[in-house]
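Here is the structure we will look at, set down as structure tokens.
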Amino acid sequence: MSRRRRVYEGKAKVLYEGPEPGTLIQHFKDDMTAFDAQKRAVVEGKGVLNNRISEYVFARLGDIGVPTHFIRSLNMREQLIREVEIIPVEVVVRNVAAGSLATRLGIEEGTLLPRSIIEFYYKSDALHDPMVSEEHITAFGWATPQEIDDMMALGLRINDFLTGLFIGVGIRLVDFKVEFGRLYEGEMVRVVLADEISPDSCRLWDVRTSEKLDKDRFRRDMGGLIEAYQEVARRLGILFENDTKGRSGPTLVK
Ligand code: UDP
């Protein structure tokens, strides 16, 4: 385990060389950061839950034909993924006003948006991930017009599918961030979903109570973070058996 080569270490994950060329191992850490990593903590068990939730979501998206980097689960904290070239653009999809959109445009948090909104942010820690337009992305060569089209189409498809998946278990998908990568297959290059989808990268509110079941609990010092992430996993029916009550499928909440 300790011998394998570390390819990249980010704030919440580590990538190791995979067993075959073109593969990597994605390892989920317990580290938590917010506000450009000015706020930090280690939350025991968070990596296990995010790995579990993200692999489940990626597998379900794969089932409906969304191309992803996910190959298979390896253990509680790790998954085998395809090596991709990450497109340096974060794609945010929003259904309900919250976070930076609520602050920037003065829209009350919780306001249902008239339609889903897509935003792009340039991935740069030094520049604090500034919001950019399609014009910036193509002018500076971060992605081609075709890749932007692919990211938008996939982003909306992911949004529709996940909105339904979560609403079925009593959770509102307020917004989320995704990243895409270029998968090189011989002569072909395809845009595929990469990184993770977890309560670290989504806003998830209980439909009935509006209780936050996501990273905002950390950003806003609300406590109960692990319990909230566990609740998301429990409702999706994917808590490990030794994590209390294991279930075999999503719990329908009417
Ligand atoms: N998000 C993320 N990583 C980032 C920025 C945002 O995962 O670097 C997610 C965030 O959790 C939320 C959505 O993207 O689900 C929209 O975030 P927003 O722009 O409101 O920014 P924030 O309030 O997180 O600063």
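Numbers for residues simply follow the sequence, beginning at 1. Because only heavy atoms are used, hydrogens play no part in the values below, and waters and symmetry mates are left out as well, while side chains stay in. Counting starts at 1 for both ligands and their atoms, in listed order.
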*Looking only at protein heavy atoms, identify the closest one to atom 15 (O) of ligand 1 and say how far it is in Å.*
Asp175 OD1, 2.6 Å
*asked:* Just to confirm my output: which protein heavy-atom neighbour is closest to atom 9 (C) of ligand 1, and how far is it?
replied: Lys177 CB, 3.6 Å
*So, does Phe35 sit close enough to ligand 1 that a heavy atom of it is under 4.0 Å from the ligand?*
no
*Between Asp150 and Arg190, is there a salt bridge with N-O shorter than 4.0 Å?*
no
*asked:* I'd like to check which ligand 1 atoms, numbered from 1 as shown, lie under 4.0 Å from a non-hydrogen atom of Asp200.
replied: 7 (O), 11 (O)
*asked:* If the cut-off is 4.0 Å to any non-hydrogen atom of Tyr121, which atoms of ligand 1 fall inside it?
replied: 19 (O)
*Answer side chain, backbone, both or neither: which part of Asp129 comes under 4.0 Å from ligand 1, heavy atoms only.*
side chain
*Hey, which of Leu204, Thr163, Asn159 is the one that makes side chain to side chain contact (heavy atoms under 4.5 Å, CB included) with Phe176?*
Asn159
*What distance do Ser210 atom OG and Arg172 atom CZ have between them, rounded to the nearest 0.5 Å?*
7.5 Å
_Heavy-atom nearest option to atom 5 (C) of ligand 1, drawn from Lys11, Arg104, Glu90_ = Glu90
_Side chain, backbone, both or neither: Cys202 near ligand 1, heavy atoms under 4.0 Å_ = backbone
*When you check the gap from the basic side-chain N to the acidic O, do Asp195 and Lys123 get nearer than 4.0 Å?*
no
*Determine yes or no for a side-chain-to-main-chain donor-acceptor pair under 3.5 angstrom, with Gln26 supplying the side chain and Val14 the backbone.*
no
_atom 3 (N) of ligand 1: any protein heavy atom closer than 4.0 Å_ = yes
*How close does the nearest protein non-hydrogen atom get to atom 10 (C) of ligand 1, and which residue and atom is it?*
Arg219 NH2, 3.5 Å
*Distance filter under 4.0 Å to Val92 heavy atoms, resulting ligand 1 atoms*: 14 (O), 16 (C)
*Check step by step if ring-ring contact (aromatic ring centres under 6.0 Å, His included) holds for Phe58 and His69.*
CA-CA 8 Å; Phe58 273 58; His69 72 171; 5.2 Å; yes
*Any idea how Phe140 and His136 line up, ring-wise: parallel (<30°), tilted (30 to 60°), or perpendicular (>60°)?*
parallel
*Among the clusters formed by ILVMFWY side chains lying less than 4.5 Å apart, do Ile158 and Val192 turn up in the same one?*
no
*Based purely on interatomic distance, does Arg203 place a nitrogen or oxygen under 3.5 Å from a nitrogen or oxygen of ligand 1?*
yes
_I'd like to know if the side chain of Lys11 reaches the main chain of Ala34, judged simply by a donor and an acceptor atom lying under 3.5 Å from each other, with no hydrogens or angles considered._
no
*asked:* Just to check, does Arg94 reach to within less than 4.0 Å of ligand 1 when the distance is taken from its heavy atoms?
replied: yes
*Lys/Arg-Asp/Glu bridge criterion (N-O < 4.0 Å) met for Arg235, Asp206*: yes
*Which residue and non-hydrogen atom of the protein lie closest to atom 20 (O) of ligand 1, and at what distance in Å?*
Ser100 N, 2.8 Å
*Examine ligand 1 and decide if any of its atoms is less than 4.0 Å from a heavy atom belonging to Val174.*
no
